[in-house]
There are 4 protein chains.
Amino acid sequence: MVSDTKSKKSTYKAQKKKKIAENALDLILTKGLSHFTMDDVARETGVSKGTLYLYFDSKDTLIITAFGILVERLKNYISNLLPEETPKEEKAKAIIKLYSKIIKEFPSDDLLRLFEILINSIHDKKRLKELGDLFHDYYSQLFDLWSEFVPNKTTAIILQAMIDGIGIYKSVGVNFKEGELCTSLEYIIGKIIS
Amino acid sequence: MVSDTKSKKSTYKAQKKKKIAENALDLILTKGLSHFTMDDVARETGVSKGTLYLYFDSKDTLIITAFGILVERLKNYISNLLPEETPKEEKAKAIIKLYSKIIKEFPSDDLLRLFEILINSIHDKKRLKELGDLFHDYYSQLFDLWSEFVPNKTTAIILQAMIDGIGIYKSVGVNFKEGELCTSLEYIIGKIIS
Amino acid sequence: MVSDTKSKKSTYKAQKKKKIAENALDLILTKGLSHFTMDDVARETGVSKGTLYLYFDSKDTLIITAFGILVERLKNYISNLLPEETPKEEKAKAIIKLYSKIIKEFPSDDLLRLFEILINSIHDKKRLKELGDLFHDYYSQLFDLWSEFVPNKTTAIILQAMIDGIGIYKSVGVNFKEGELCTSLEYIIGKIIS
Amino acid sequence: MVSDTKSKKSTYKAQKKKKIAENALDLILTKGLSHFTMDDVARETGVSKGTLYLYFDSKDTLIITAFGILVERLKNYISNLLPEETPKEEKAKAIIKLYSKIIKEFPSDDLLRLFEILINSIHDKKRLKELGDLFHDYYSQLFDLWSEFVPNKTTAIILQAMIDGIGIYKSVGVNFKEGELCTSLEYIIGKIIS
DNA sequence: AATGAATGAGCGTTCATTCAT
DNA sequence: GATGAATGAACGCTCATTCAT
């Protein structure tokens, strides 16, 4: 009984904590990492500012948790795009299609924020380490996608870096001829996984 | 005489302006875009805060100028790496070597800052526009490198995005097996420009 | 109970807000509208500068609230001078006496500040509008005083302008022969309301 | 010869000084006493900021000189409105017309600035004294206008205070029914000087 | 006489964090 | 557990004044 109550309570606390972090994340995505305030988060969540500090030591910890949620979101996004079971020989084509789709449809602002948060943490080694670990979760999943078609993991990472690089380029205003982007991507990936 | 005096004076002012912007850049590289202050810049340059505003309208203008210097630095860095005249057939190998070298030696923190500044300006459309124009200077030079070996400019951009993506990955803590990185890069580039 | 607590709290906040505004007003009266600072107000009130912004959006809002208090003070001052019920035929004489008294005893520095605040807000149309509305509260009460004896409201306004003009003249150093001021005033008012 | 040169020089200096003060005045009239800067004055006059301090000890001195010019302007304005020679019996009507005209056409913003400057100097007794003396020049001329029709100087001052009070009222947003203003003014003045 | 670069104290405002209730 | 009032250090920016040239 007691343990039940406890777990209920802890569930309640965990949910509240998550809600706060999710709201923080939304605000980061909207306003940017260095423009969202604890006031914003409190208002959005409908709690007082002091309450935030019952769940998070500092703004920094909140950012890290929010980052974790973002990583989770991106992972889910990718998972949902993947065909459940693909005959091996079709996978090459599937992966080309997948990335064409990602590049077109990708919520690249989300991706960008992920890098925004990471990059802004460069000056704080401790935070960077924590975020880096979370980021690892995200990209290790992606690397698996490539692994069947490329000779080693490093090549897989490079290809994923290419995709993310494109996302970042788009976000900072590089103009791609929309048609060409997918064609070229297919051309490159085709060459590599052939 | 007069014009001599004038030019001396204007040189003096221009140099001072540059010195301020360089110090600002150094501070941005060290402390991060949203943690360096005008006080920092003044202290570092050995002038009063008010003086900064004789040379720059606002912190924003200073950032943009500093960004321009960073772009210039990166351009020079690349230029110096390029062999003056390469027989065409050697160029493919040269470019592979070049990028292997870049990836190894690259002052990737500088590159990262360039993206840090760009990404942090996402929420300020006006500033992003100005920075984007400067950024264009930098990458158009790079794109030219690739253009001989790839079918179109878009493909060139994608390849450059790959290089920058790798730089960013490294900076945020992705571990590459050092030996494999260059080998894989050569493998990929080789496949594409073949 | 709850509402009691609430009202206590809101009373507390309201009182604190009023206290801040009153201190601001005192500082405005002492140092002048463009020389009092938020630091002054904080120091005087014994709170931190940040606290001021919990109660007022900006210095401007604080000024407007302070102005409102000044208007209130002046209204009360006038109200207290007015005889509760005067037989109509006596009112003419009463009003002459009243204004003689006002002119003599008037806290004309307060009146002057009222105009100081108004006049200094000429260059900020939005603020002038808000202050003007508050000012209207003050003078409409005064105009009523005159209305029984003059043909229309405009004449009433003019007479009040005369009183205020005298106040301002005195404040900026015009020397009235003390005895003559009341006599002349009585002479003029007498002629008009006769 | 020498004295000639001297006087030429001093004339030059005097003219430059006046030009600076006039520009300062224009800026005060436009931007308000507490929003015009020495930079503004220097720019407007086409000299360097340092030069201003060759002609004026401080911003304060400049303001006082500018005020003197404003007083002069107002005096001239009034002088030009006055009929050179009026048969005595016509003067009563003339003066009513004059003031109706003044009230209608008056550059009341200028008048307002005069009071703005005066009022803002309340907190600086030394400056108020100097400005008050200049102001005396202005209103003593006006008082003469009234003196023929009123029993004493004090009454004259009061009537002038009425005119200025109206100007201030208008400037701070009191709405007069345009037609009634002159009629009422005529009514009041008529009663008094009859 | 004139310059204009330089100063530095000061301003209004923000915001992560604390703590009494 | 939750509040929200309070803090205070910091920030970007301004401007009257000075002084070497």
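Because only heavy atoms are used, hydrogens play no part in the values below, and waters and symmetry mates are left out as well, while side chains stay in. In what follows, every chain begins at residue 1, and chains take the letters A, B, ... in the order their sequences are listed.
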ask   = Hey, is the side chain of K13(B) poking within less than 4.0 Å of OP1 or OP2 on dA5(E), counting only N and O atoms?
value = yes
CA sep, side-chain torsions, deciding dist, call: R113(A), E116(A), salt bridge (charged side-chain N to carboxylate O under 4.0 Å, His left out) = CA-CA 5 Å; R113(A) 277 331 150 239; E116(A) 178 185 351; 3.2 Å; yes
note = From CD1 of I20(D) across to C1' of dA16(F) the rounded distance in Å is 15 Å
message = Does a side-chain N or O of Y55(C) approach OP1 or OP2 of dA5(F) to a distance below 4.0 Å, or not?
response = no
query = Under 3.5 Å, is there a donor-acceptor pair between the side chain of S58(C) and the main chain of T61(C)?
reply = yes
key: Whole-Å gap separating C1' (dA16(F)) and CD1 (I63(D))   = 11 Å
key: Nearest-angstrom distance from the residue atom OH of Y53(A) to P of dA6(F)   = 18 Å
DNA chain E: stems of at least 3 consecutive Watson-Crick or G-U pairs whose donor-acceptor distances fall under 3.5 Å = E:2-21 with F:2-21
inquiry  = What's the closest nucleotide to the side chain of L54(B) if the choices are dA5(E), dA2(F), dA6(F)?
reply    = dA5(E)
message = Closer than 3.5 angstrom, by distance alone: can the side chain of T45(A) be matched with the main-chain N or O of V47(A) as a donor-acceptor pair?
response = no
query = When the distance from NZ of K19(A) to P of dG1(F) is rounded to whole Å, what number comes out?
reply = 17 Å
key: Pairing of K19(D) and E22(D) as salt bridge, 4.0 angstrom limit   = no
query = How close or far is atom C1' of dA16(F) from atom CZ of F56(D), stated in whole angstroms?
reply = 15 Å
note = In this structure, CG of L70(A) is separated from CG of D26(A) (nearest 0.5 Å) by 10.0 Å
ask   = How many angstroms lie between CG in L62(A) and OH in Y55(A), if you round to the nearest 0.5 Å?
value = 13.0 Å
request  = Identify whether the distance between the nearest side-chain nitrogen and carboxylate oxygen of K31(B) and D39(B) falls below 4.0 Å.
outcome  = no
ask   = Tell me: NE2 of H35(C) to P of dG12(E), nearest whole Å?
value = 11 Å
inquiry  = Counting only side-chain heavy atoms from C-beta out, which of dA6(F), dA2(E), dT17(E) sits nearest to Y12(D)?
reply    = dA2(E)
task = Establish, from distance only, whether the side-chain atoms of T37(C) and D40(C) form a donor-acceptor pair under 3.5 Å.
result = yes
task = Using whole Å, report how far CG of D57(A) lies from C1' of dT18(E).
result = 14 Å
query = By a strict heavy-atom criterion of less than 4.0 Å, which residues belonging to residues 36-52 of chain B are in contact with DNA chain E?
reply = V47(B), S48(B), K49(B), G50(B), T51(B)
Closest contact, heavy atoms only, A21(C) versus A66(C) = O-CB, 3.7 Å
ask   = Taking for each residue the nucleotide of DNA chain F with the nearest heavy atom, is it D60(B) or D60(D) whose nucleotide lies nearer the 5' end?
value = D60(B)
